[in-house]
Amino acid sequence: APAGDLPTQILHALDKNSPVLSSEAFPATPSTEIKGALDRLASRDMVKYETIDREEALLEPEGEQIAANGSHEARVFEALRAAVEGLTIQELEKTIGDKNVVKIGQGRAFREKWISKTQDGKLKAAKDSVQDTTKEQMQTIQSTRTYPDAKMLADLKKRKLVRTQKIISFKIEKADKFALKIPEVATDLTADMIASGSWKTATFKGYNFKALGADQQPGALHPLSKVRSELRQIFFEMGFQEMPTDKFVESGFWNFDTLFVPQQHPARDMQDTFYVSDPKVADLPRGEDANDKGDYKAYWDNVKEVHQNGKYGSIGYRYPWSGDETRKLVLRTHTTAISANMLYKLAQQKGPDGRPPPARYFSIDRVFRNETVDATHLAEFHQVEGVIADYDLTLGGLMEFMDIFFGKMGITDLKYKCAYNPYTEPSMEIFSYHKGLGKLVEIGNSGMFRAEMLESMGLPKDMRVFGWGLSLERPTMIKYGISNIRELLGHKVDLNFMRNSPAVRLDKE
Ligand code: PHE
């Protein structure tokens, strides 16, 4: 065999003679090794090759014996032909030296009518010569490793003289870049190569465009962020403006009193609301900048009046309203505090007709509630909030809007249930049938803001305001099939889940 490693041997073999059959040039080398070497050379365009599958016939030990010594029946015949007087079985066994050959051979020789019996019971040859076809077949197979007659080959296999095996071999030819040595390839162009000029003659390794890129482990948006951005898109396409919700701490005034939540309301209890301990109280309400034309003193007085004594046709709650209570600082329990602030500012605006113009506001941000934490509740969550202010709105209009709004999230067949909020009348909880759970689930809370709230701000009597809220977590958990909120928020979150979760969840069918 030629010297060197297998690729080099292949190149040398081709140099002498192209094409080369691997089965002839490298009969002892496993085909997988040959293929490995060929692929290396073919990737450099030095050789090309074709794979040839074929069946090879090989002799079993008994077949080998027949090829060398003849078939059993022929050996029996030859022994008898040499003995003119004929032989007994014992004598025949002694002559041939193999009982088994005699046993099988004499049976076949009889059937072929090659031998017969003498009168005294001995065996004798019945012909002058015979043709040992089996021996010829074995010799053909031995030298050609195949046999032209497939039926006969199958027969020989059955007789356990021959076996076949699958052989993979290769027809190898020179290709365009054939050479006797594999050129050294450079993987990078280096400063040294440029300095020495060796780049001019260097062979560069080709790009492997099929290689998979390394896993970059990129950052990923949190599922809540993904659903949030989809919801923002829905709001924007429906003409909403985003409210500035960039503060978590509110005064009781904006969080509760402006919304006509009485100061004894259970929601204002320490059990339900987080109070800030330092500082404990807020300044009196005031405008945030020079453009703020609000008369906060008058507003404060209106709020106090409507709670304590009633106003705008309402009899109020009739309790002594406390200014200290209203200044307590809380972690906002809902973003409706911001809606109240925005509606108050809307009341200061003048449209072309000198009245506050219609407006649509939304926000999606964090709120805090002093709740017992369990599988579906955390002490903080994200509230999606929407507000529509316009003249002569009706409850039917609110329901129509909800159908459209939730329809854009893929949530249909809404059901409404009477509910109570201190700041809306009427109020409706919104339900939708959840196919996975097989029941109606609450998806939001809504209503028309009360006159006590809106007229205190100075909004015209015929301006009506829809409001609604839902949690961002609820639709996200439903869409991602999450049953425990800790899989979505907190230290137990699986980063791979974050990375692999789809970008868009709200199916629009
Ligand atoms: N603030 C309400 C809540 O926390 C949602 C809501 C907003 C309801 C506006 C009606 C009007 O669920």
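Just follow the structure's listing: the first ligand is 1, and inside any ligand the first atom is 1. Excluded from the calculations below are hydrogen atoms, water molecules and symmetry mates; all remaining heavy atoms, backbone and side chain alike, are included. Being a predicted model, the structure only gives us computed values, none of them experimental.
If you number the atoms of ligand 1 from 1 as listed, the ones under 4.0 Å from a heavy atom of Gly469 come out as 5 (C), 6 (C), 7 (C). Taking a cut-off of under 4.0 Å to the non-hydrogen atoms of His334, the atoms of ligand 1 that pass are 1 (N), 4 (O). Residue contact check: Asn421 has heavy atoms under 4.0 Å from atoms 8 (C), 10 (C) of ligand 1.
For the residue pair Ser471/Gln383, the side-chain donor-acceptor check at 3.5 Å is not satisfied.
The shortest N or O to N or O distance between Arg369 and ligand 1 is below 3.5 Å. The shortest N or O to N or O distance between Thr424 and ligand 1 is not under 3.5 Å.
By the criterion of a heavy-atom distance under 4.0 Å, neither the backbone nor the side chain of Thr333 is placed next to ligand 1.
The protein heavy atom nearest to atom 12 (O) of ligand 1 is Asn445 ND2, 3.5 Å. Closest to atom 3 (C) of ligand 1, if we only count protein heavy atoms, is Gln383 NE2, 3.3 Å. Summary of contacts: the protein heavy atom closest to atom 2 (C) of ligand 1 is Tyr423 OH, 3.1 Å.
The pair Asp257-Arg268 meets the salt-bridge criterion, with a side-chain N (NZ, NE, NH1 or NH2) lying under 4.0 Å from an Asp/Glu carboxylate O. Here Lys297 pairs with Asp301 in a salt bridge; the nearest charged N to carboxylate O distance falls below 4.0 Å. A salt bridge does not link Lys247 to Asp365: none of the charged side-chain nitrogens sits closer than 4.0 Å to a carboxylate oxygen. Contact check on Lys311 versus Glu452 returns no salt bridge, with no Lys/Arg side-chain nitrogen under 4.0 Å from an Asp/Glu carboxylate oxygen.
The one candidate from Tyr423, Tyr416, Phe405 that meets the ring-ring contact (aromatic ring centres under 6.0 Å, His included) condition with Trp468 is Phe405.
Across Val465, Ile430, Thr336, heavy-atom proximity to atom 1 (N) of ligand 1 is greatest for Thr336.
Put simply, no part of Met428 is less than 4.0 Å from ligand 1, judged by heavy atoms.
A cation-pi contact links Lys328 to Tyr275, judged by a cut-off of 6.0 Å to the six-membered ring centre and 45° from its axis.
Using a 4.5 Å cut-off on side-chain heavy atoms (C-beta onward), Thr333 and Asp272 make no contact.
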